[in-house]
Amino acid sequence: MTVLTHAFTPGPIVASGPVKLTLMAPVARFSLRLRAANIPAVSKAIGVDLATTVGARAANGTTETICLGPDEWLIIAKPDDTEKLVAACADVYASATHSLTEVSAREVTVRIEGERAAELLTIGCPRDIDTIPVGGGCRTVIDGVTVVLWRDAEQSFRMDIWRSFALHVIDLLCTGCKEFAAE
Amino acid sequence: MLLIHCPYCNQTLPEAEFTYAGEAHIARPSDPSSVSDEEWRDFLFIRTNVKGPHYERWRHFHGCGRYFNAVRDTVSDRFLITYKTDDPRPELSKLLEKSK
Amino acid sequence: MSSFRVSGRGRVDHTQPIQFTFDGKKIKGFKGDTVASALLANGIHLMGRSFKYHRPRGAVTAGSEEPNALVGTRRGPGRFEPNTRATVQEIWDGLQVNSQNRYPSLSFDIGAINDKAYMLFSAGFYYKTFMWPKSFWDKVYEPFIRAAAGLGVSPTEPDPDHYASRYLHTDVLIIGAGPAGLAAAVSAARAGSRVTLVDENPEAGGSLLSEPSAMIEDMPAWDWVAKTVAELKELGVKVMTRTTAIGYYHQNMVGLCEKLTDHLASPDGETPRERMWRVRAKQVVLAQGALEKPLVFDGNDRPGVMLAGSAQTYLNRYGVRVGNKAVIVTSHDSAWYAAFDLADAGTTIAAIIDTRAEPNGDLVAEATKRGIRIMAGHTVTGTEGRLRIKSVRVNPITGSSVGAAEVIVCDCLLMSGGWTPSLHLFSHTKGTLKWDEERQTFLPDHKAEECEIAGAGRGLWGIEAVLNDGAEMGAAAAKSLGKTTKAASYGVANDRPGTGVSHKELPTDLDAGKARAFVDYQNDVTAKDLRLAVREGMRSIEHVKRYTTNGMATDQGKMSNINGLNIASDALGVPQPKVGLTTFRPPYTPTTFGAFCGYHKGSHFEVTRKTPIDSWAEENGAAYEPVSLWRRAWYFPKDGEDMHAAVSRECRATRASVGIFDASTLGKIEVVGPDAVEFMNRMYTNPWTKLAPGRARYGLLLGDDGFIRDDGVIGRLADDRFHVTTTTGGAARVLNMMEDYLQTEWPDLDVWLTSTTEQWATIALNGPNARKVLEPFVEGLDMSDEAFPHMSVAECRVGGFPARLFRISFTGEVGFEVNVPAHAGRALWEMLFEAGKKYDICPYGTETMHVLRAEKGYIIVGQDTDGTVTPHDAGLGWAIGKMKPDFVGKRGLARPDLVAEGRKQLIGLLTKDGKTKLEEGAQIVLDPNQPKPMKMVGHVTSSYHSDAAGRPIAMALLEDGFNRMGETIYIPMPDRVIKATVTGTVFFDPEGARLKL
């Protein structure tokens with residue numbers, strides 16, 4: 001088990017056992033807010049058909065989106081695509097007003113995977129994990145901390161955590177891994 | 001811990017994702033300067049504090065972030081309904097009929 | 001082993017001896033024994049002393065309802081638990097068990113004097129005995145009550161164990177793995193539901209474990225249990241043992257406490273001791289069974305007096321005979337079977353005393369076959385024996401008269417007053433109960449939750465009836481979930497169905513007023529206490545409960561509720577259903593604080609938020625203070641410096657040259673959209689329309705009541721984009737408030753809010769040399785006074801990182817705040833610190849920040865304001881956009897009380913002697929010689945030693961403060977009165993000359 005610090009160096013945190021934890025490399029991250037009428041125009045601009053159901057995701061290549069609220073999406077992209085994305089949105093702003101705010105550094109992301117990954121989340125997350133479909137996600141709470149959870153496979157999740165809360169949440173997940181190992 | 005239906009997410013979710021936000025249907029006067037001191041006092045402070053079905057607001061704080069309205073019985077702690085902020089105030093008699 | 005152990009009998013492992021200690025004495029038992037069963041196997045009944053009277057007590061039950069046999073258990077340093085029930089604690093090699101409530105020893109206890117003085121401790125003694133004289137309270141009564149109160153002793157060391165928690169979602173949660181619960185689980189699981197089956201015992205089986213002779217589906221009961229558990233596991237049922245359902249909450253949320261290590265000799269250290277499960281079930285099946293009731297008669301608490309069903313359990317499950325010569329006293333058929341099992345195992349049954357005149361003929365025949373003396377229509381009127389029962393006094397009942405007594409010698413008295421369905425969890429849901437006249441007990445009636453009640457828990461009796469009911473209820477739960485299923489039907493041979501009657505106190509020929517007939521064993525409440533409470537005017541059962549403390553012990557009335565009700569009902573002359581039951585409350589059994597805390601202890605007690613620069617502060621010896629959830633560098637002491645010296649140095653260095661400060665915790669909100677400026681105009685007091693992009697302004701946020709809520713500098717980055725900062729503690733609150741207005745009052749505005757608090761690391765540079773340090777790192781910005789004056793903001797690059805640079809000041813010096821993406825925060829900090837060395841750059845913490853701002857009279861919301869302060873009160877009237885038609889708080893500011901004269905206003909204070917530093921929070925009076933209580937006219941909000949002013953300075957909220965400039969006011973302290981002069985709040989550079997480059 002690697003002791004994580006606020007430097008948030010990407011790499012394995014828990015490398016073996018029924019659940020593995022990995023701190024993922026930084027990505028470009030944007031909060032996108034807009035009204036329903038402007039979804040088609042902005043979808044076209046960013047090249048992803050934004051989903052309109054809370055928790056649903058849509059992607060195009062390396063650009064991923066998740067609908068977090070009726071007027072809110074999170075966009076994940078390669079850091080290199082930042083300027084392109086900002087420019088594309090700026091181009092349609094006049095006719096399709098919206099808010100695009102960069103939050104790349106706000107959160108860090110942990111990959112949670114392994115045969116008991118879903119179960120590990122139950123040590124702090126009151127939501128029924130079974131109701132999150134593969135390829136979906138949600139913003140929810142774990143141990144009192146707001147997180148965005150992406151379910152990539154039955155037993156593979158990404159969790160976005162605000163930086164200053166991340167060590168607390170990851171510490172809890174590590175504790176859970178230790179419990180599993182002791183069983 | 002209650003289960004609360006978020007009308008925006010259309011999911012019934014644990015209370016831990018929500019925060020309470022006081023009585024519902026208390027609109028801020030559109031022209032505050034035109035209201036009397038008594039009316040402004042009532043807007044700020046006077047609440048019905050009912051025993052029984054209560055129109056109140058919640059926010060899906062750790063979820064979609066939306067404020068929404070609810071009718072909750074303060075005696076049984078049961079929700080009769082939750083609805084979007086811009087939906088009309090549901091009639092109590094119909095809700096009570098439905099919950100029977 | 002002892003003569004009380006029946007060779008080959010029970011579910012304990014006779015091949016695995018285990019040794020533990022009881023009050024230091026070595027005791028031998030077998031794997032599978034509880035402390036109680038092992039002690040009984042060694043002939044030991046005396047296990048504790050009662051709470052109030054210190055009467056000798058033994059185990060009266062064999063389960064978690066035990067009121068008497070409470071012990072302390074120890075497992076090395078820090079691992080001590082008081083009030084553990086000896087009847088559930090499993091033994092392991094090396095377990096240390098101690099009896100409680102005794103001094104100097106269990107067999108000779110000084111506190112037992114209370115027993116002789118029992119008249120003093122009757123019902124309501126708390127309210128009577130300690131009434132007068134008043135002077136006795138501090139010195140006599142309170143110390144006495146404190147010493148006497150409580151059961152056992154508290155542990156004194158921190159608990160080294162760890163505790164865990166989980167959420168679990170399941171279709172059907174079945175509570176209790178006895179016959180009903182097992183059958184229910186089979187039905188629900190076969191129907192394809194996700195099923196969770198829990199039981200507080202180490203193994204499933206419940207009452208079947210005490211009934212090995214029953215044959216279910218032509219299979220011995222124990223084989224059937226094993227087969228069924230195997231099938232359930234095969235079907236994917238989560239079977240959880242040593243797991244107690246402690247509370248049943250709204251919408252089928254059930255709290256479970258799982259004990260993981262208390263039964264192990266050497267836990268591995270990683271496994272948590274207990275785990276709290278918060279289970280959300282679509283359907284719950286309550287299959288908790290029934291609890292046997294004691295009979296109420298004089299001396300029914302002597303060691304050796306035990307419930308008959310428990311004696312049967314000790315025999316069949318643990319292979320222990322609870323005595324050599326037993327007397328049975330019962331009002332229910334079930335105790336007869338206990339007598340038969342014991343007789344067959346070699347215990348002499350001296351008599352079966354049945355309060356009923358004509359007991360069941362089959363039972364009489366069985367007893368007669370075994371040569372047991374039957375005393376039908378008899379009562380028990382007393383027992384003898386100091387530390388163990390020696391004899392029982394028995395009398396015939398003829399109609400309403402009690403005949404002459406006969407004394408029967410025995411070493412145990414096994415009683416049964418019938419069975420009470422376990423209603424605790426059902427009652428947690430506020431499900432209603434109805435009185436069942438035939439069974440003389442309450443049964444579940446209207447359900448408040450999605451649940452079914454199965455088996456003995458709803459008054460059924462006999463294994464076959466209970467199994468089939470469980471099967472039906474499990475199927476019903478599955479059907480509610482839309483599954484199609486048919487309940488299995490079970491046939492049982494050697495079943496032991498039965499009936500009984502219910503009693504108040506047993507009739508006696510002696511003075512009932514002198515009888516020590518216990519109803520609540522743990523709280524030492526007798527039948528007489530209950531009657532006294534009614535005589536003294538208690539009418540509601542809730543009042544009777546509180547006056548006598550009946551049912552208020554840790555067993556939550558499991559033993560005492562119905563007996564207490566029967567007696568109170570008789571005393572009140574009102575039938576039981578009219579009297580009603582007291583409220584059952586969670587937890588079902590005592591639960592450790594650790595289980596409730598879960599992971600939240602030590603460093604994980606609460607989130608500690610740290611900034612991207614926090615690690616630098618830590619490496620450089622910062623002292624920290626908590627600010628909301630953040631830990632912030634408070635000051636940076638050098639060798640030998642105390643806080644005062646460090647802060648003075650940091651203040652001097654900043655004003656003399658340059659200081660560097662981590663301001664990353666400031667809340668930040670990005671306000672974006674075509675209506676951004678309109679939104680800002682409505683939210684904040686200030687006018688924003690004319691603020692040009694690239695400029696910044698101090699913003700003041702009120703509530704609609706007109707009081708100050710928050711403040712911060714706000715930069716306009718573009719026509720439709722603002723960078724709002726909030727106080728550290730106010731960040732979440734302000735965003736919440738903004739969202740509230742935006743979503744619910746002004747949904748028409750095209751503007752959106754995004755929290756960017758953690759996107760940016762914020763480094764503040766302040767001091768005459770701040771620009772010199774910063775400028776070499778800045779790209780794409782002319783930093784001259786003309787191009788980038790005070791109160792400017794720009795997007796540029798600093799140290800190679802994309803940045804938002806503010807020129808603002810919270811110190812009165814030339815100041816900059818550099819925002820860079822959080823991951824770059826520490827790198828930039830180190831660059832600036834390195835470059836600043838030639839200017840003697842000084843890192844400073846929150847304390848210096850506070851002093852520097854106070855010298856300038858800048859307020860801190862929440863310190864200099866308290867939720868009742870208006871902008872005018874705080875001297876911030878200038879921040880109000882008077883031409884705006886509306887903003888949050890504008891109408892509030894016109895409220896009569898807010899425009900009244902003489903409000904508390906924020907002013908400066910200078911102590912007369914120029915040396916004394918006032919205490920923050922100290923109260924202010926105008927006349928120190930007035931009689932007490934004095935009229936307080938305000939309080940000190942901020943107070944520091946100011947290096948720049950060369951003296952202590954303070955701010956205070958003072959009634960009519962603005963009109964008292966130059967006046968002397970007084971601050972009374974415990975040892976003296978301090979004089980101070982009222983001044984303005986700016987103590988340094990009032991012209992603001994230092995803000996210019």
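Chain identifiers are assigned alphabetically (A, B, ...) following the order of the sequence lines, protein sequences preceding nucleic acid strands; residue numbering begins at 1 within each chain. No hydrogens, no waters, no symmetry mates; every other heavy atom, side chains included, goes into these values.
At a threshold of 4.0 Å, the pair A/D128-C/R194 counts as salt-bridged, since one of the basic side-chain nitrogens sits closer than that to a carboxylate oxygen. Under the 4.0 Å criterion applied to side-chain N and carboxylate O atoms, C/E670 and A/R33 are not assigned as salt-bridge partners.
With no hydrogens or angles considered, a side-chain donor-acceptor pair links C/H604 and A/D143 at under 3.5 Å. Between the side chains of C/E758 and A/S164, at least one donor-acceptor pair of N or O atoms lies under 3.5 Å.
Taking chain A as the reference chain and counting heavy-atom pairs below 4.5 Å, the highest number among C/E270, C/R826, C/K610 is found for C/K610. Listed options A/S31, A/G144, A/A182, A/P126 were ranked by heavy-atom pairs under 4.5 angstrom with chain C; first place goes to A/P126. Highest contact tally toward chain A, considering only C/L260, C/D614, C/D720, is held by C/D720 [criterion: heavy-atom pairs under 4.5 Å].
Between A/C125 and C/Y167, the closest heavy-atom pair is O-CD1, 3.4 Å. The minimum heavy-atom distance between A/R106 and C/S755, with the atom names listed, is NH1-O, 2.8 Å. Here the shortest heavy-atom pairing between C/R275 and A/E183 reads NH2-OE2, 4.1 Å. When all heavy atoms of A/A105 and C/Q759 are compared, the pair lying nearest together is N-OE1, 2.8 Å. Scanning both residues, C/D750 and A/R35, for their nearest heavy atoms gives OD1-NE, 2.6 Å.
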Evaluation steps, side chain to side chain contact (heavy atoms under 4.5 Å, CB included), between A/I123 and C/S165: CA-CA 6 Å; A/I123 70 171; C/S165 67; 5.7 Å; no
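Residue contact with chain A, scored on non-hydrogen atoms closer than 4.5 Å, involves the side chain of C/D268 exclusively. Residue C/W630 touches chain A through its side chain alone, counting heavy-atom pairs closer than 4.5 Å. Neither the backbone nor the side chain of C/S615 comes within less than 4.5 Å of any heavy atom of chain A. When heavy atoms are compared at a cutoff of 4.5 Å, C/P267 does not approach chain A at all. For a residue to count as touching a neighbouring chain, one of its non-hydrogen atoms must lie under 4.5 Å from one of that chain's; by this rule A/V108 does not touch chain C. Looking at A/E72, neither its backbone nor its side chain comes within 4.5 Å of chain C, counting heavy atoms on both sides. Neither the backbone nor the side chain of A/F8 comes within contact range of chain C; no heavy atoms are under 4.5 Å apart. Interface remark: A/R127 contributes backbone atoms only to the contact with chain C (heavy atom separation under 4.5 Å). For C/T608, the part lying under 4.5 angstrom from a heavy atom of chain A is the backbone only. For a residue to count as touching a neighbouring chain, one of its non-hydrogen atoms must lie under 4.5 Å from one of that chain's; by this rule C/H600 touches chain A with the side chain only. Only the side chain of A/F180 comes within contact range of chain C, with at least one heavy atom under 4.5 Å from a heavy atom of that chain. Contacts between C/R721 and chain A at a heavy-atom distance below 4.5 Å involve the side chain alone, from C-beta outward. Only the side chain of C/L629 comes within contact range of chain A, with heavy atoms under 4.5 Å apart.
Considering A/T97, A/T101, A/L100, A/L32 in turn, A/T97 is the only one that fulfils the side chain to side chain contact (heavy atoms under 4.5 Å, CB included) rule with C/W752.
At most 12 non-hydrogen atoms from other residues, nucleotides or ligands lie less than 6.0 angstrom from CG of A/D49. Within a 6.0 Å sphere centred on CD of C/E619, heavy atoms belonging to other residues, nucleotides or ligands number more than 12.
Interatomic distance, OH of C/Y599 versus NE2 of A/H168, reported as 11.5 Å (0.5 Å rounding). For the atom pair CZ of C/R278 and OG1 of A/T122, the computed distance is 11.5 Å after rounding to the nearest 0.5 Å.
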